[in-house]
Amino acid sequence: MHRVIDPAILYFGTPVVLVSTRNEDGSPNLAPMSSAWWIGRRCVLGLAQSSKTTQNLLCTKQCVLNLPSVAQVASVDRLALTTGSDPVPEGKTRRGYRFEREKFGLGGLTPVASDLVAPPRALECPVQMEAELSVSHGLAADDPAAAGQAMILETRVVRVHADENVLLEGHENRVDPDLWRPLIMSFQQFYGLAPGRVHDSQLATIPEQKYRA
């Protein structure tokens with residue numbers, strides 16, 4: 001049996017991303033989010049328009065998309081109710097957020113220099129993607145109740161750093177999905193992937209290199 005429901009959120013399960021950006025004074029900001037998806041070398045982010053990460057991205061056009069594994073869940077959770085915006089935006093104040101300047105320190109994470117962009121990478125995250133902003137626009141322009149609250153930001157990944165422990169043996173540029181354990185957010189709760197595949201995939205018969213543009 002199916003019933004018609006009206007959930008307040010539709011977070012059915014997406015990977016957590018720690019987005020690092022540069023503030024106007026050059027200091028780093030680090031923000032957890034999970035409204036992200038990839039196609040080719042592009043990553044699309046959905047962020048609140050009032051977010052410090054959004055403001056920094058629009059200003060500097062650069063970020064790092066740090067992908068935590070399940071091993072970094074405690075670090076991510078310590079950052080969950082913090083913001084780099086001072087004063088705290090009204091919507092986040094209602095949800096219990098507080099201003100925090102030293103995000104890396106609070107999360108127990110180590111900032112390390114990136115190669116091609118100014119924002120630092122988070123050393124402990126097994127995957128780190130340096131990226132540049134390509135396109136941005138408002139979300140829900142056709143909905144007066146939601147217009148102006150969120151933005152869609154399309155980024156172009158310019159460099160990928162991966163821990164050797166998640167790479168596929170015998171392949172220089174491939175991540176082993178049996179070794180990579182992404183942190184997943186589903187309806188405000190943290191989850192990981194169960195070990196092992198549930199079924200062989202016909203898509204996996206296509207050599208991964210054929211997807212390279």
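Values below: all heavy atoms of this structure, side chains included; hydrogens, waters and symmetry mates excluded. For this chain, numbers begin at 1 and follow the sequence in order.
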To the nearest 0.5 Å, atom OG1 of Thr21 lies from atom CG of Asn56 at 3.5 Å

One should read off an interatomic distance between Leu109 CG and Glu124 CD, to the nearest 0.5 angstrom, of 5.0 Å

Under a plain distance cut-off of 3.5 Å, with no hydrogens placed, do Ser20 and Asn29 share a side-chain donor-acceptor pair? no

So CG of Asp176 and CG of Leu168: to nearest 0.5 Å the spacing works out to 4.5 Å

Smallest heavy-atom separation, Val70 atom then Pro182 atom, equals CG1-O, 3.7 Å

- Task: Evaluate the criterion salt bridge (Lys or Arg N to Asp or Glu O under 4.0 Å) for residue pair Lys61 and Glu132; output intermediate values, then yes/no.
- Result: CA-CA 6 Å; Lys61 314 295 186 187; Glu132 297 176 345; over 6 Å; no

* Start with the C-alpha distance between Ser85 and Tyr97, add both sets of side-chain angles, then the distance that settles side chain to side chain donor-acceptor pair (under 3.5 Å), and finish with yes or no. => CA-CA 10 Å; Ser85 297; Tyr97 282 69; over 6 Å; no

Does the pair Arg101/Asp25 count as a salt bridge with the N-to-O cut at 4.0 Å? yes

Under a 3.5 Å distance rule, please check whether Gln149 uses its side chain to pair with a backbone N or O of Ala145 as donor and acceptor. yes

query: Judged by atom type as modelled, is there a donor-acceptor pair below 3.5 Å linking the side chain of Glu100 to the main-chain atoms of Thr82?
result: no

Could you tell me whether the side chains of Glu130 and His161 share a donor-acceptor contact shorter than 3.5 Å? yes

To the nearest 0.5 Å, atom CG of Leu47 lies from atom CD1 of Ile152 at 8.5 Å

Residues Leu81 and Arg95: closest non-hydrogen pair is CD2-O, 4.2 Å

Going by distance alone, is a donor N or O of one side chain under 3.5 Å from an acceptor N or O of the other, for Ser27 and Asn23? yes

- Item | Test: Glu24 and Lys52 ion pair at under 4.0 Å | yes

Between the CD1 atom in Ile39 and the CD atom in Glu154, the distance rounded to the nearest 0.5 Å is 10.0 Å

Note: Thr83 and Lys92 closest approach over all heavy atoms is OG1-NZ, 3.9 Å

Rounding to 0.5 Å, atoms OG (Ser35) and CD1 (Ile9) come to a distance of 9.5 Å

